[in-house]
2 protein chains.
Amino acid sequence: MTQPADRLGGSGSGDGPVADELRLLPGSRSTDRKVEAGQELFGVGAPFDAVYNLIDGWVALYTLLEDGRRQIVQFVLPGGVFGMCGGSSGRTTYGAQALTEALVSVVSLAVLTARLRDSPDVTARLVRSLSRDRALAFDHLTSVGRRNARERVACLILELFVRCRTQWPGNRIEEMYLPLTQEHIGDATGLTFVHVNRVLRALRKEGVVEFHHRRLRILDPDRLVGVAGVDHNAAMAWL
Amino acid sequence: MTQPADRLGGSGSGDGPVADELRLLPGSRSTDRKVEAGQELFGVGAPFDAVYNLIDGWVALYTLLEDGRRQIVQFVLPGGVFGMCGGSSGRTTYGAQALTEALVSVVSLAVLTARLRDSPDVTARLVRSLSRDRALAFDHLTSVGRRNARERVACLILELFVRCRTQWPGNRIEEMYLPLTQEHIGDATGLTFVHVNRVLRALRKEGVVEFHHRRLRILDPDRLVGVAGVDHNAAMAWL
DNA sequence: CGGTAACTTGAGAGTGGTCAAGTAGAGTGG
DNA sequence: CCACTCTACTTGACCACTCTCAAGTTACCG
């Protein structure tokens with residue numbers, strides 16, 4: 001474990017009682033694969049014949065432009081499913097990188113289609129997951145397309161905060177582990193890390209949020225929601 | 001019909017032999033609903049208990065910010081499925097507006113879940129559709145987050161061109177009907193319509209594309225791909 | 001022929017990018 | 001224990017891409 005022991009964001013390094021409700025296919029943990037922080041699960045354009053189901057840890061999905069510009073299109077939390085791609089090319093259009101030590105269940109497409117056939121429950125899980133992803137992607141698109149830098153950063157922080165809360169309903173509401181660099185935030189919001197830094201400093205000086213050493217502290221939740229420019233109810237809808 | 005008769009982009013106004021492969025639920029056309037161009041299918045935050053399956057025409061999915069800023073998150077073409085939302089709120093987070101006269105099949109959630117249960121084929125269609133949507137959303141996100149105005153506009157045009165081609169493999173490759181205003185393009189690319197106009201003028205002057213009166217003419221496909229900054233293969237992957 | 005929606009163009013301003021330099025912190029090896 | 005290194009963070013100066021505001025023009029439709 002490279003993370004501090006008291007972090008939120010994982011159920012620990014053991015193979016303990018990992019909740020089955022995080023699994024697309026409950027039960028089978030024979031296909032589990034563990035990767036270290038920073039490792040790539042698969043790269044952009046990799047052939048795909050399997051679906052990944054994150055059980056523990058954080059994963060970032062990203063795309064690349066020819067000249068190296070990068071866009072993080074999604075942060076995956078436990079329970080998330082990725083690796084399925086639209087298009088007929090049989091290759092992924094995005095890559096997946098573990099942000100922390102992570103545990104994924106690898107499900108081959110053959111197994112998945114078989115299970116979809118006989119298990120309405122698996123189908124429902126997958127459809128729900130894909131729908132959620134699409135809704136999240138739409139939100140990000142709106143943020144990046146129509147919000148300014150302050151709003152984007154605040155929005156992202158708020159989103160991750162809310163998603164973490166629901167994943168790990170811990171008690172330390174004011175502080176949480178966020179395994180990101182400012183460059184990650186920039187790549188997710190469509191900004192440069194230099195500008196992310198400026199925004200973060202401003203928010204810090206104003207006493208809204210504090211983000212140092214992968215620890216996020218929400219100093220003033222209400223102000224944060226205000227800066228993000230989201231409806232109070234909308235923020236709750238992420239739950 | 002408000003569109004010229006020779007447009008690409010629809011199978012006509014009749015109730016003729018609409019291909020069943022566009023339908024999530026083949027056969028049942030009792031639930032079809034026809035809407036005029038410009039009409040809203042549902043607004044942002046509408047309660048949803050049904051899934052929409054576009055059979056004919058163009059639809060735009062959009063989100064709104066409190067102050068009126070709008071982001072188009074997806075252009076739906078025949079065969080597309082929308083109206084399913086992630087989140088548990090039971091309300092849509094985006095609205096849907098018909099860009100042309102459109103024909104949609106409305107499937108109640110109850111019916112859908114029943115069909116998912118007993119028809120692997122329906123399940124496969126839905127999963128494929130949702131996966132494709134997610135991939136498209138990721139592409140848009142990359143565009144809006146990491147490309148400049150020229151690239152974004154070129155990308156969008158290219159994407160719509162390719163998608164149209166595959167929908168309606170007509171013969172007039174050089175010209176097609178695109179039921180958008182420059183403001184639509186702006187709302188989809190995260191730009192203002194003023195700036196979209198400038199970009200479009202420049203591309204026109206350079207002899208790359210021409211877009212007037214809802215007619216798009218690709219003057220120089222290779223240059224367009226170059227301006228868009230996409231890999232030649234990647235462009236084909238949309239097919 | 002008037003009204004309206006879409007498109008066009010210009011001038012000025014501002015948000016956010018680029019480039020460059022420097023600081024802080026964690027890990028490593030002498 | 002102290003350089004040394006590497007990554008992440010910080011800050012400043014400058015600039016440009018894109019927005020805003022404001023006037024027009026054009027095309028379509030009643």
Side-chain angles (χ1 to χ4, degrees), chain A residues 1-4 36-38 60 65 67-71 97 99-100 143-156 177-205 209-217 227 229, chain B residues 1-4 36-38 60 65 67-71 97 99-100 143-154 156 177-205 209-216 227 229:
Chain A
M1 290 291 285
T2 56
Q3 280 83 37
E36 308 166 26
L65 267 50
D67 59 2
R69 283 175 285 181
R70 182 171 79 157
Q71 175 72 40
Q97 184 189 30
L99 298 175
T100 65
S143 229
V144 173
R146 289 307 188 199
R147 292 187 206 274
N148 64 28
R150 260 174 86 84
E151 295 173 319
R152 285 187 221 176
V153 171
C155 257
L156 180 66
Y177 174 70
L178 205 58
L180 308 179
T181 65
Q182 295 184 355
E183 189 164 14
H184 285 126
I185 297 179
D187 285 343
T189 52
L191 301 166
T192 59
F193 68 90
V194 176
H195 201 64
V196 168
N197 182 280
R198 287 192 247 264
V199 170
L200 243 24
R201 299 243 86 214
L203 292 178
R204 158 84 195 289
K205 190 152 68 183
V209 294
E210 202 169 27
F211 178 52
H212 271 319
H213 306 296
R214 328 242 137 150
R215 296 225 139 247
L216 176 73
R217 191 178 308 177
V227 172
Chain B
M1 289 289 286
T2 56
Q3 280 83 36
E36 308 166 25
L65 268 49
D67 58 4
R69 284 175 286 182
R70 182 173 78 156
Q71 175 72 39
Q97 184 189 29
L99 298 176
T100 64
S143 229
V144 173
R146 288 306 186 199
R147 293 188 205 273
N148 63 30
R150 260 174 84 85
E151 296 173 318
R152 284 186 224 175
V153 171
L156 180 67
Y177 174 70
L178 204 60
L180 309 178
T181 65
Q182 296 185 355
E183 189 163 15
H184 284 125
I185 296 178
D187 284 343
T189 53
L191 300 167
T192 58
F193 68 90
V194 176
H195 202 62
V196 168
N197 182 282
R198 286 192 245 266
V199 170
L200 244 23
R201 298 242 88 215
L203 292 178
R204 160 80 197 290
K205 190 153 66 182
V209 294
E210 203 170 26
F211 179 53
H212 271 319
H213 307 297
R214 326 243 140 150
R215 295 225 139 247
L216 175 73
V227 172

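Chain A is the first sequence line, chain B the second, and so forth, proteins listed ahead of strands; every chain is numbered from 1.
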Enquirer: Starting at atom CG of B:L200, determine the distance to atom P of C:dT9, rounded to an integer number of angstrom.
Expert: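 One finds 11 Å between P of C:dT9 and CG of B:L200, rounded.
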Enquirer: Is the phosphate of D:dT7 approached by A:H213 (side-chain N or O, under 4.0 Å from OP1 or OP2)?
Expert: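 No, no such contact exists.
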Enquirer: B:R201 has an atom CZ; how far is it from atom C1' of C:dA6, in whole Å?
Expert: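 In whole Å, C:dA6 C1' and B:R201 CZ are 13 Å from each other.
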Enquirer: Atom CD of A:E183 to atom P of D:dC9: distance rounded to whole Å?
Expert: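 That distance rounds to 9 Å.
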Enquirer: Counting side-chain heavy atoms from C-beta on, which of C:dC7, D:dC9, C:dT8 comes nearest to B:T181?
Expert: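 Of all the options, the side chain of B:T181 is nearest to C:dC7.
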Enquirer: Counting just side-chain N and O atoms, does A:H184 come under 4.0 Å of either OP1 or OP2 of D:dC9?
Expert: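 No, A:H184 has no side-chain N/O under 4.0 Å of OP1/OP2 on D:dC9.
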Enquirer: Rounded to whole Å, how long is the line connecting atom CZ of A:R146 with atom C1' of D:dC19?
Expert: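 To the nearest whole Å, that distance equals 11 Å.
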Enquirer: Whole angstrom is fine here: how far is it from CZ in B:F211 over to C1' in C:dC7?
Expert: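 Checked: the CZ to C1' distance equals 11 Å.
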Enquirer: Let me have the donor-acceptor pairs involving side chains of residues 187-196 of chain A, under 3.5 Å, with sequence neighbours excluded, atom names and distances please.
Expert:
unit_1, atom_1, unit_2, atom_2, d
A:D187, OD1, B:R146, NH2, 2.7
A:D187, OD2, A:R70, NE, 2.7
A:D187, OD2, A:R70, NH2, 2.9
A:T189, OG1, A:I185, O, 2.7
A:T189, OG1, A:G186, O, 3.4
A:T192, OG1, A:H195, N, 3.3

Enquirer: What is the separation between atom CZ on B:R215 and atom P on D:dA27, rounded to the nearest whole Å?
Expert: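 Value for this atom pair: 17 Å.
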Enquirer: Which heavy atom of A:T181 sits nearest a heavy atom of A:R214, and at what distance?
Expert: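 Looking at all heavy atoms of both residues, the closest pair is CG2-NH2, 2.8 Å.
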Enquirer: Rounded off to whole Å, could you give me the CZ-to-P distance for the B:R214 and D:dA27 pair?
Expert: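 That distance rounds to 15 Å.
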Enquirer: How close or far is atom P of C:dG16 from atom CD1 of A:I185, stated in whole angstroms?
Expert: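 Checked: the CD1 to P distance equals 16 Å.
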Enquirer: Across all strands shown, which nucleotide pairs with C:dG30 by Watson-Crick or G-U wobble geometry, both distances under 3.5 Å?
Expert: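 By the stated definition (distances under 3.5 Å), D:dC1 pairs with C:dG30.
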Enquirer: Please list residues of residues 187-195 of chain B whose heavy atoms come under 4.0 Å from any atom in DNA chain D, ordered by number; otherwise none.
Expert: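 Correct list: B:G190, B:L191, B:T192, B:V194, B:H195.
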Enquirer: Side-chain N or O of B:Q182 versus OP1/OP2 of C:dT8: is the shortest distance under 4.0 Å?
Expert: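 Yes, within the criterion.
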Enquirer: Pick the closest DNA chain D nucleotide for B:V196 and for A:H212 by heavy atoms, then say which residue is nearer the 5' end.
Expert: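 Mapping each residue to its closest nucleotide by heavy atoms, the 5'-most match is A:H212.
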Enquirer: According to a strict under-4.0 Å criterion, is A:N197 in side-chain N/O contact with OP1 or OP2 of D:dT10?
Expert: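 For A:N197, the contact criterion (side-chain N or O under 4.0 Å from OP1 or OP2 of D:dT10) is met.
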Enquirer: What are the two closest non-hydrogen atoms of A:V227 and A:E151, and how far apart are they?
Expert: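 Minimum heavy-atom separation between A:V227 and A:E151: O-CG, 3.4 Å.
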Enquirer: Can you check whether B:R152's main-chain N or O pairs, donor with acceptor, with B:R147's side chain at less than 3.5 Å?
Expert: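 A pair under 3.5 Å: no.
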Enquirer: By the 4.0 Å heavy-atom rule, please label A:R198 as base, sugar-phosphate, or nothing.
Expert: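 Base contact.
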Enquirer: For B:L99 versus B:P179, what's the shortest heavy-atom pair and its separation?
Expert: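 Scanning both residues completely, I find the closest heavy atoms to be CB-O, 3.9 Å.
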Enquirer: Could I get the full list of salt bridge (Lys or Arg N to Asp or Glu O under 4.0 Å) partners for B:R204, not counting sequence neighbours?
Expert: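 With neighbours one apart ignored, the set is B:E210.
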Enquirer: May I have the step-by-step check of side-chain contact (heavy atoms from CB on, under 4.5 Å) for A:Q71 and A:L65, ending in yes or no?
Expert: CA-CA 8 Å; A:Q71 175 72 40; A:L65 267 50; over 6 Å; no
